[in-house]
Amino acid sequence: MGSSSATSNRLLLSKIATSEGHGENPPYFDGWKAYDRNPFHPTKNPEGVIQMGLAENQLSFDLIEDWIKKNPKASICTPEGVEEFKNVAIFQDYHGFPEFRKAVAMFMSKARGGRVTFDPNRVVMSGGATGANELVMFCLADPGDAFLVPSPYYPAFYRDLGWRTGVQIVPVDCDSSNNFQITKEALAAAYEKAQKNNINVKGLIITNPSNPLGTTLDRDTLESLVEFINQKNIHLVCDEIYAATVFSSPTFTCISEVIQNMNCNPNLIHIVYSLSKDMGLPGLRVGIVYSYNDDVVNIGRKMSSFGLVSSQTQHMLASMLLDEEFVARFLETSSKRLAKRHGVFTKGLEEVGINCLKSNAGLFCWMDLRRLLKDQTFDGEMVLWRVIVNEVGLNVSPGSSFKCVEPGWFRVCFANMDDETVEVALKRIRTFVRQGKKAQDQAVQVKSPKRWKSNLRLSFSSSSTRRFDQDSVNVLSPHMMSPHSPLVRAKT
C-alpha cells in the first residue's frame with residue numbers, strides 16, 4: 001500500500017484509534033519487540049534475548065496447578081464439573097457471581113494480612129488492571145482533566161489512564177536523594193504548576209507497592225497523602241496490584257487500613273486491584289475496582305459491561321479463593337519464594353558492584369547503573385540500554401520510560417523465569433560489567449580517546465563476538481511490531 005493510500009485510509013478512522021495515545025513508542029516497549037523477534041530458549045536459542053521486562057510472578061504456579069488437579073469440579077470443562085456448564089455459560093449479570101465477589105473480597109483481606117475487611121458489594125469487575133484503571137478514569141474525570149502521578153511510574157499509565165478517556169498525567173517528581181519517596185513539597189509543587197497551566201487536577205494516583213521501585217509506602221506517608229487530597233477535595237486512586245508480593249519487612253499498609261482511623265471523606269478513596277501479579281494470572285484478566293464511593297460503584301458496574309471477567313473464570317476462582325487453607329499456603333509460599341529469588345538476584349549483581357534500591361516487594365529490582373553511563377544524560381542511558389538489549393541480550397527497562405528524573409536507573413524483573421535462566425542472566429551481566437571495566441582500564445592505560453563501550457567485545461558464546469556499534473543497533477518501531485506481540489495483552 002502506498003503512502004498516500006495509507007494516509008487516506010487513516011483519515012477514514014477515528015482520531016482516538018489513530019492517535020499515539022496507546023504509548024508504544026517508549027524504549028520500555030522497544031525492549032519487548034527486541035525480545036519478540038529473538039526470544040531466549042536454553043537449548044533452541046541460547047543466545048536470544050532474556051525477557052526481564054515482564055513483571056510476572058511465575059514462581060508458584062505449581063501450587064495452583066496442584067489445586068486444580070485436586071478440585072476438578074471447580075472447572076466446567078471436566079467430567080466432574082460439566083453439570084454446571086449451562087448455568088455458567090448462559091447470560092450473567094455484570095455485577096458478577098456473588099460467590100466470586102465474596103471470594104475476591106476475602107482474598108484482598110488475606111493479602112493484606114487480615115487487618116482490614118472488604119465488602120463484596122463494593123467489588124466491581126473489569127478486564128484486568130488495565131481495564132480497571134481506565135474504568136476509574138471514566139468515572140472520575142472528563143477529557144482534559146488530570147491526575148497527579150509520582151514518578152517513576154508504570155510506562156503504560158498513559159495508555160491505561162488516558163488513551164481513550166482524554167485524561168492527562170501530571171508527574172510528581174521524586175528522586176534518589178530520599179530513595180524516591182513522595183513528599184508534600186513535591187505534591188504541592190506539581191499541583192500548583194498544573195493550576196497555573198489551567199489544568200484541572202481531579203486526583204492523585206499512587207502504586208503501592210511501587211512499580212518500578214518495589215517499595216511500600218509507610219503509614220505516615222499514606223496519611224499525608226489522604227490529608228492532601230482531602231484539603232484539595234480531589235480523588236485518591238490506589239493501585240495495589242502488588243499487595244501480596246511483599247517478601248520482607250516492612251509489611252504492606254493498604255489505604256483501607258489508614259482511612260479507618262482518619263477523619264476523611266471516603267467518597268474520594270478508590271482501589272484498583274487484580275490477580276495478575278499476586279497470583280501470576282494476567283491471562284485470566286481479573287481486574288477489580290473497589291470504591292468507597294457509592295456512585296462510583298453503581299456507575300462502574302454499568303461501565304464494566306465493556307470488560308467483564310468471564311463467568312467460567314469467576315466460577316473457578318470463586319472455588320479456589322474461598323479455600324482458606326489453599327490461600328494461606330499460597331500467600332506464605334509465594335512470599336518465601338519471592339524473597340529467595342530477590343536475594344539470589346541482588347547478591348549476584350553485588351558481585352560486580354551493581355546495587356539496587358532497597359526493596360521489600362514486587363517482582364523486580366530498581367537497578368542503579370549510573371556509574372556505567374559514559375554521559376550522565378538520558379541519551380547516555382539510551383546508549384547503555386541498547387548495549388544491554390542488543391549485545392548482552394537482556395530486555396531490561398530504562399528509567400526514562402518510567403519518567404524517572406535521573407538517568408541511569410533500570411527496572412529488571414526476576415520472577416518470570418526459572419532458576420537456570422536467572423543464572424544465565426546474571427552470568428551475562430557479570431561478564432558485561434567485568435569486560436567493560438577491563439576495557440575501560442586498558443583505555444586509561446593507553447590514554448585512548450575512544451569510549452570503552454565501543455571497544456567492548458562480548459563473549460557469552462563462541463558466536464556472540466560482534467563488536468558493538470551504536471549506529472548499527474536496530475530497534476523495531478511500533479509499526480513494525482508483530483500483531484501477536486505481548487504488548488497488548490500484558491499489564492507489566
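Numbering starts at 1 and runs along the sequence shown.
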Spacing of [atom1] belonging to [X] relative to [atom2] belonging to [Y], to within rounding of 0.5 Å:
X      : Y      : atom1 : atom2 : result
Asp368 : Leu357 : CG    : CG    : 9.0 Å
Leu384 : Leu369 : CG    : CG    : 6.0 Å
Leu275 : Leu321 : CG    : CG    : 6.0 Å
Ile206 : Leu187 : CD1   : CG    : 10.0 Å
Asn211 : Tyr154 : CG    : OH    : 7.5 Å
Thr207 : Ile241 : OG1   : CD1   : 8.5 Å

query: For the ring pair Trp366 and Phe402, is the centre-to-centre distance below 6.0 Å?
result: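 Aromatic pair counts; centres sit under 6.0 Å.
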Validation row, ring centre His270 to ring centre Tyr290 under 6.0 Å: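 That pair fails the under 6.0 Å test.
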- request: Decide yes or no on side chain to side chain donor-acceptor pair (under 3.5 Å) for Ser224 and Thr221, but give the supporting numbers first.
  value: CA-CA 5 Å; Ser224 70; Thr221 299; 5.2 Å; no
- request: Could you go through the side chain to side chain contact (heavy atoms under 4.5 Å, CB included) check for Arg219 and Thr253 one step at a time?
  value: CA-CA 6 Å; Arg219 185 178 293 272; Thr253 302; 4.1 Å; yes
With heavy-atom distances below 4.5 Å as the criterion, would you say the side chains of [X] and [Y] are in contact?
X      : Y      : value
Ser151 : Asp173 : yes
Cys365 : Val412 : yes
Pro171 : Val149 : no
Ser60  : Arg337 : yes
Arg428 : Leu394 : yes
Ile64  : Phe326 : yes
Arg370 : Pro407 : no
Met417 : Arg341 : yes

- prompt: Between the side chains of Thr216 and Asn360, is a donor N or O closer than 3.5 angstrom to an acceptor N or O?
  reply: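 Present: a donor and an acceptor within the cut-off.
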message: Can you tell whether the side chains of Asp66 and Arg329 come within less than 4.0 Å, N to carboxylate O?
response: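 Arg329 and Asp66: not salt-bridged.
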- request: May I ask you to say whether Glu332 pairs ionically with Lys336, meaning some side-chain N is under 4.0 Å from a carboxylate O?
  value: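 Salt bridge: yes.
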message: Can you confirm if the NZ or CZ of Arg112 lies within 45° of the ring axis of Tyr273 and under 6.0 Å from the centre of its six-membered ring?
response: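 Relative to the ring axis of Tyr273, which defines the angle, Arg112 lies inside both limits.
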query: So, is the end of the Arg411 side chain (NZ or CZ) under 6.0 Å from the ring centre of Phe364 and within 45° of the ring's axis?
result: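 Satisfied, under 6.0 Å and within 45°.
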- prompt: How would you list, by chain and number, every residue that makes a ring-ring contact (aromatic ring centres under 6.0 Å, His included) with Phe410, sequence neighbours excluded?
  reply: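 So Phe410 forms no ring-ring contact (aromatic ring centres under 6.0 Å, His included) with any residue.
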Contacts of Phe378 that satisfy ring-ring contact (aromatic ring centres under 6.0 Å, His included) - sequence neighbours left out: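 Counting only residues at least two positions away or on another chain, Phe378 forms no ring-ring contact (aromatic ring centres under 6.0 Å, His included).
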- prompt: Please walk me through it: do Trp409 and Phe180 pass ring-ring contact (aromatic ring centres under 6.0 Å, His included)?
  reply: CA-CA 12 Å; Trp409 292 89; Phe180 298 96; 5.3 Å; yes
query: Passes side chain to side chain donor-acceptor pair (under 3.5 Å), Asn45 versus Asn38? Steps please.
result: CA-CA 8 Å; Asn45 191 24; Asn38 184 30; 2.8 Å; yes
task: Please assess Glu240 against Val272 for the test side chain to side chain contact (heavy atoms under 4.5 Å, CB included), listing each intermediate value before the final yes or no.
output: CA-CA 6 Å; Glu240 296 184 347; Val272 168; over 6 Å; no
Contacts of type side chain to side chain donor-acceptor pair (under 3.5 Å), residue Lys184, not counting sequence neighbours: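 Side chain to side chain donor-acceptor pair (under 3.5 Å) check on Lys184 returns nothing, list empty.
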Does atom [atom1] ([X]) have a neighbourhood of more than 12 heavy atoms from anything else shown, all under 6.0 Å?
X      : atom1 : value
Lys403 : NZ    : no
Phe306 : CZ    : no
Arg430 : CZ    : yes

field: Side-chain donor/acceptor of Lys277 to backbone N/O of Ala55, under 3.5 Å
entry: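 Yes; at least one donor-acceptor contact below 3.5 Å.
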- prompt: For the residue pair Pro209 and Ala361, what are the closest heavy atoms and their distance?
  reply: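 Smallest heavy-atom distance, with atoms named: CB-CB, 3.7 Å.
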message: Run Thr377 and Asp379 through side chain to side chain donor-acceptor pair (under 3.5 Å) and show every step you take.
response: CA-CA 5 Å; Thr377 64; Asp379 286 340; 5.1 Å; no
query: Yes or no on side chain to side chain donor-acceptor pair (under 3.5 Å) for Ser359 and His342, after CA distance, side-chain angles and deciding distance?
result: CA-CA 9 Å; Ser359 60; His342 177 270; 3.2 Å; yes
